Amino acid sequence: METEVFGVNYERFSVGKKLDKLAKKYHIKSVLEMPAHGAKAMPSIYSIGFAKRVKHIILVNGNPKYASEWEKIGAKERVSWVKEEDICHTRFKNASFDFVWNFAYLPACKEPDLMIDEMSRVSKKYIAVFSVNSGNIGFPIHRMVHKKTGIKWTHGDIRYNNRHFIKKKLQAHGLRVIETGFVDCPVWPDSLGFRDVRLHRMNLDFNKMDWEAPYVDMLKNGSFPIWMKLVYIVERLPLPKFLKSIYAHINYTIAEKVDDI
């Protein structure tokens, strides 16, 4: 059993807050998370921030055993689990979901252009990419730790960790970028790689191993620790993006489909 550490708990708290705000702002009622992997964390619960406002959430290639986490917060009936052999060519109909997104996946995707096209095809309106932020001061240290330990870099194409590159890529696919920003912006640097190395040396499939997510119990009980709330206050300070990028762990880019003229 691997218990998510305090940094992951805060990440879930911050991302959850953002998803709830997006659901309200853009009137989102249906969500597709594709794929619903875990980024060295419990899979299938990144969309849990949508649970309060969204009527239907589909998780592609997640792990249904974590339906128990959705049940804890009374949202199990809002979630469906779908297996797709090729997530770049799915069985979903065109324009099936209000909001299609993934978390920390695009850099590792073997065919990101096809992935973006498929996300666009099945979306009615919005497509979002949440990615580990390469501008964070911890990112190059993480890269160095991999190099020094001789453990192969497994996190994919680092261009997709750059918010400017992601924006241009979505625009190149005919999408209109309507919002960019950062979440998970605590006062400590992003993963320096030591936990990553430990998990790699365990030689486990992170999406199949057993996880415990304290955040879900916090959400269920409405009992978030004071430190988490204080860090979030700091995160919400209206600083310039170039400055926030230095300590933000996750960047996000939201685009919308452009109606044909």
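Throughout, residue positions are numbered sequentially from 1 according to the sequence presented. Here the structure is a predicted model, which is why all the values come from computation and not from measurement.
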- Does any N or O in the side chain of Trp70 come within less than 3.5 Å of the main-chain N or O of Ser44, such that one atom is a donor and the other an acceptor? yes
- Query: Mind checking what makes side chain to side chain contact (heavy atoms under 4.5 Å, CB included) contact with Lys52, not counting sequence neighbours?
  - Reply: Asp20
- Task: Specify whether Trp188 and Trp227 have parallel, tilted or perpendicular ring planes, treating 30° as the upper limit for parallel and 60° as the lower limit for perpendicular.
- Result: tilted
- Min side-chain heavy-atom separation His142-His155 under 4.5 Å: yes
- Candidate pair Lys25 and Glu179, rule salt bridge (charged side-chain N to carboxylate O under 4.0 Å, His left out), full reasoning: CA-CA 12 Å; Lys25 180 178 181 179; Glu179 184 176 339; 3.1 Å; yes
- Supply the atom-to-atom distance Cys109 SG to Glu118 CD, rounded to the nearest 0.5 angstrom. 11.0 Å
- Salt bridge or not for Arg12 and Glu4, using N-O below 4.0 Å? yes
- Item | Minimum heavy-atom distance between Val132 and Asn251, given as atom pair plus value | O-ND2, 4.0 Å
- Sorted by chain and residue number, the side chain to side chain contact (heavy atoms under 4.5 Å, CB included) partners of Lys55 (sequence neighbours excluded) come out as Lys29
- Message: I'd like to check Met228 versus Met218 (side-chain heavy atoms, cut-off strictly below 4.5 Å). Are they in contact?
- Response: yes
- Item | NZ/Lys18: more than 12 non-hydrogen atoms of other groups inside 6.0 Å | yes
Please list every donor-acceptor pair under 3.5 Å in which a side-chain atom of residues 163-171 meets a protein atom from a residue at least two apart or in another chain.
unit_1 : atom_1 : unit_2 : atom_2 : d
Lys169 : NZ     : Asp113 : OD1    : 3.1

- Heavy-atom distance under 4.5 Å between the side chains of Phe92 and Leu32, does that happen here? yes
- Any side-chain donor paired with an acceptor under 3.5 Å for Ser80 and His56? yes
- Under 4.5 Å between side-chain heavy atoms, hopping through other hydrophobics if needed: is there a path connecting Ile57 to Val122? no
- Query: Will you find, in the side chains of Asp184 and Ser14, an N or O donor that is under 3.5 Å from an N or O acceptor?
  - Reply: no
- Query: Closest approach of Val31 and Ile28, non-hydrogen atoms and distance?
  - Reply: CG2-CG2, 3.6 Å
- Is Phe6 close to Glu11 at the side-chain level, that is, under 4.5 Å between some pair of heavy atoms? no
- Task: May I ask you to check whether over 12 heavy atoms, not counting those of Lys21, lie within 6.0 Å of atom NZ?
- Result: yes
- Write down the atom of Pro186, the atom of Tyr247, and the distance for their closest heavy-atom approach. O-CD1, 3.3 Å
- Query: Do Ile250 and Phe103 have side chains that get closer than 4.5 Å, going by heavy atoms?
  - Reply: yes
- Message: Could you check whether any side-chain heavy atom of Trp101 comes within less than 4.5 Å of a side-chain heavy atom of Tyr126, counting everything from C-beta outward?
- Response: no
- Any donor-acceptor N or O pair under 3.5 Å, side chains Ser47, Glu33: yes
- Query: Within 45 degrees of the axis of the six-membered ring of Phe97 and under 6.0 Å from its centre: does Lys124 put its NZ or CZ there?
  - Reply: no
